[in-house]
Amino acid sequence: MLDCPATSVVELVEWTLRESGLGAPRLHRNGKDSDPLIVLTAAAAVKLGLPERLEGHEQRRSLRLAEDHPVVKQVVKAKWRLTQRGFGPWARIYRKAQGRERQCVQLAILSWDALDERSWPGVAEMEPADVARVLEVYAQRVITPRGSTAVSGLELMTALRPPTRAVRDEATGNWVSAYNPGSLGTEPMDPAPPEATPEHPVVVDSGWTGGFLNEEAYQWVRPVDLLTDEECTLPFAVGLDLNTAFLAAAARLVVGLSAPDHFAGPKFNPKIPGSWLVDLSHVEVDPRLPSPFTPDGMRPTGLAWYQTHTVAYAQELGYNVTPIEAYLRRETGAYLDPWHDRLKTAYVDTLADLGVTKDLSDAEFLAAMERHKEVDPAMAAVLAAIKATVKGGIGKLRERPQGKHYKEGERWPALQRPTWRPDIRAAVISKARINMHRKLRNMATMTGLYPLAVLSDCVVYPSPGASPLDFLPYAASGKPQPGGFRLGPTPGLAKLEGVQSMLWAVDLMEQGHNPARHIKGGDAVLDEGE
């Protein structure tokens, strides 16, 4: 608790930098310390001359104060600057750094929806002390928020793998800035045409018509005519959800660090990250399972672009693969490893605060998960924010242009970032989808069970009972069988998503809907990749 004498935004910024002592130390020795974050309640915003709410027709997140607003004019007059994003729910106010001292303060304005309900459930309505607790735990375990959870997820990648490091120049003896090995560097990099989006300049300027990588999460429903009478007479449909499946996929994931090179007729190598043009239509998969190669689970019909993990899986299934061409990267590394490790620890520690620990039996785990949100709403909000940070951070690697004035082929702001890397996003999603398929296949082999539907990291099985314990494979010793779905609190293990009647599930399937999207009940719609 600090007494703050400021009566204007400019005074607040100066007090924060000179007297408050706020901020957080760097997460990597070559990185930068975190700038202080000041969160304003509605009352504080009004006291500092800001409107209580931002009005306008745009999406809430893109609303900004007008440039002629008195507070914006005060800030500029005092020789402070605002970023290009202007004075919105997350405003950055800064001056050029002087020597080692950075001069920058981040503001988050609660009544302007800075903490949106999807990523920070219930936080905007909490008492200020609880808001502070939620953000403090998130800042300690993840990073000081810098905007949406998606922005924070991306900032965390850079904070843990800074693009540069200081090295001594042998000729002059002075310290200079040099590339930090294992990072994405300081310069943005264009993707290969098949990795780009259709509006990207590398596609539009080259007239590329060779197709695109389609590595997305599953949205698949088993055809109703492939259900057996035996399955239809089972009473329940049980949904399992994999904890932060994208985070689990990021572990020890080798991605490209250099620009893509084009190869004609390359021999497939599962160790090299990249995009391969190959025909996988000859791979036979049980029709009661989705195809591992397409997001909709349909069998491929001919040549298509795939990320390395997807092609390697065809090989794992015993099939020959002969790529026609490829875009591959010579320099590689496990770029996301520190990001995975930090977020995994944050996720597991926060679940443990909610009573869900690694030492629970499966039955105890299911019971603890059922009540974990009531144990401590503030910690439950931190958990939701950590999940949103994973999902949003991966999504930001391929941020599309926003705004109605965008013209195809123009460079949009996200392309200026070294972290605009659709190939890395494709690698994560490909690995997550292949991991899911491997488990589906193992489950079929071990138990003879086939899924009704899959949506991203949620899978629905027909079941004789209302619990996952009624159909998951266990050894005689009571231990879970390796290879299938296992319950537990760590990334990649499963939790119960929801239970409905088998009748309900079949009814939805007949109408062309995905039961995995609605198994939770109520109006809950599963966000892809949550």
Side-chain angles (χ1 to χ4, degrees), residues 32 58-59 61-64 67 81-92 94 96 104 146-159 161-164 177 179-180 183-216 255-262 273-275 277 305 307 325-331 335-336 391-429:
K32 298 183 175 83
E58 296 92 348
Q59 275 188 309
R61 266 178 293 181
S62 53
L63 287 172
R64 301 285 175 261
E67 285 180 20
R81 300 180 181 187
L82 289 161
T83 56
Q84 286 176 320
R85 300 185 58 187
F87 205 122
W90 290 91
R92 288 181 79 69
Y94 72 100
K96 281 268 186 265
C104 180
R146 291 274 303 265
S148 67
T149 44
V151 168
S152 300
L154 205 58
E155 291 284 342
L156 181 64
M157 292 179 198
T158 309
R161 292 261 195 211
T164 58
S177 181
Y179 169 71
N180 184 27
S183 78
L184 299 182
T186 55
E187 292 304 310
M189 187 186 293
D190 273 341
E195 297 164 349
T197 55
E199 68 273 10
H200 194 288
V202 301
V203 173
V204 176
D205 296 349
S206 66
W208 171 262
T209 55
F212 295 99
L213 211 52
N214 186 21
E215 298 288 8
E216 299 295 338
V255 299
L257 299 176
S258 54
D261 290 319
H262 182 253
S275 307
L277 183 64
W305 288 97
Q307 203 275 336
E325 56 178 311
Y327 285 92
L328 308 175
R329 287 170 167 80
R330 294 175 192 274
E331 280 178 50
Y335 172 71
L336 291 171
K391 181 185 160 195
I394 297 298
K396 277 265 182 204
L397 293 169
R398 196 190 72 166
E399 188 176 350
R400 305 288 286 265
Q402 292 154 1
K404 42 188 180 291
H405 304 301
Y406 175 76
K407 290 188 183 61
E408 208 165 77
E410 282 178 359
R411 297 195 86 82
W412 59 97
L415 301 190
Q416 304 314 318
R417 300 192 315 249
T419 48
W420 195 85
R421 289 292 302 272
D423 56 302
I424 296 180
R425 174 185 176 274
V428 172
I429 296 178

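Values below: every heavy atom of this structure, side chains too, minus hydrogens, waters and symmetry copies.
Here the closest non-hydrogen pair linking Pro191 and Trp420 is CG-CZ3, 3.8 Å. For Ser177 against Thr164, the heavy-atom pair with the smallest separation is OG-CB, 3.3 Å. Minimum interatomic distance between Pro193 and Val202 (heavy atoms only, all atoms of both residues): CA-CG2, 4.1 Å. In plain terms, the two heavy atoms of Phe87 and Leu82 that are nearest each other are CD1-CD2, 3.9 Å. Of all heavy-atom pairs between Glu199 and Trp412, the closest is CG-CZ3, 3.8 Å. Between Leu328 and Gly274, the shortest heavy-atom distance links the atoms CD2-CA, 4.0 Å.
Put simply, the side chain of Pro201 does not reach to within 4.5 Å of the side chain of Glu408, judged on heavy atoms. At a threshold of 4.5 Å between non-hydrogen side-chain atoms, the residues Tyr335 and Leu257 count as touching. For the pair Val203/Phe212, a side-chain contact is recorded, criterion being any heavy-atom separation below 4.5 Å from C-beta on. His200 has its side chain within reach of Leu415: a pair of non-hydrogen atoms, C-beta onward, lies under 4.5 Å apart. By the 4.5 Å heavy-atom criterion applied to side chains, Tyr179 and Glu187 are not counted as neighbours. In this structure the side chain of Thr158 reaches within 4.5 angstrom of the side chain of Pro163, judged on heavy atoms.
Separating the CZ atom in Arg425 from the CG atom in Leu397 is a distance of 8.5 Å, to the nearest 0.5 Å. Taking CD1 of Ile394 as the reference point, atom CG of Leu154 lies at 9.5 Å (rounded to 0.5 Å). Note: Asn180 CG to Thr186 OG1 = 11.0 Å, rounded to the nearest 0.5 Å. Taken from CG in Asp261 to CZ in Arg330, the straight-line distance is 4.5 Å, to the nearest 0.5 Å. Taking CE from Met189 and CG from Asp423, the interatomic distance works out to 8.5 Å, rounded to the nearest 0.5 Å. In this structure, CG in Leu277 is found 10.5 Å from CG in Leu213, a value given to the nearest 0.5 Å.
Side-chain atoms of Arg421 come within 3.5 Å of backbone N or O of Gly256 as a donor-acceptor pair. With hydrogens and angles disregarded, a donor-acceptor distance shorter than 3.5 Å links the side chain of Glu215 to the backbone of Gln307. Formation of a donor-acceptor pair under 3.5 Å by the Trp305 side chain with backbone atoms of Gly210 is found in this model.
When the shell of 6.0 Å around CD of Glu410 is examined, it contains more than 12 heavy atoms from other residues, nucleotides or ligands. Few gaps surround CZ on Arg400; more than 12 heavy atoms of other groups in view lie less than 6.0 Å from it.
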Quick one: do Leu184 and Arg161 satisfy side chain to side chain contact (heavy atoms under 4.5 Å, CB included)? Show the steps, please. CA-CA 8 Å; Leu184 299 182; Arg161 292 261 195 211; over 6 Å; no
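A salt bridge links Arg329 with Glu195; the closest basic N to acidic carboxylate O contact falls under 4.0 Å.
Under the rule for a salt bridge (charged side-chain N to carboxylate O under 4.0 Å, His left out), the partners of Glu399 that lie at least two apart in sequence or sit in another chain are Lys396, Arg417.
Ring pair His262/Tyr327 is tilted by interplanar angle, where 30° to 60° counts as tilted.
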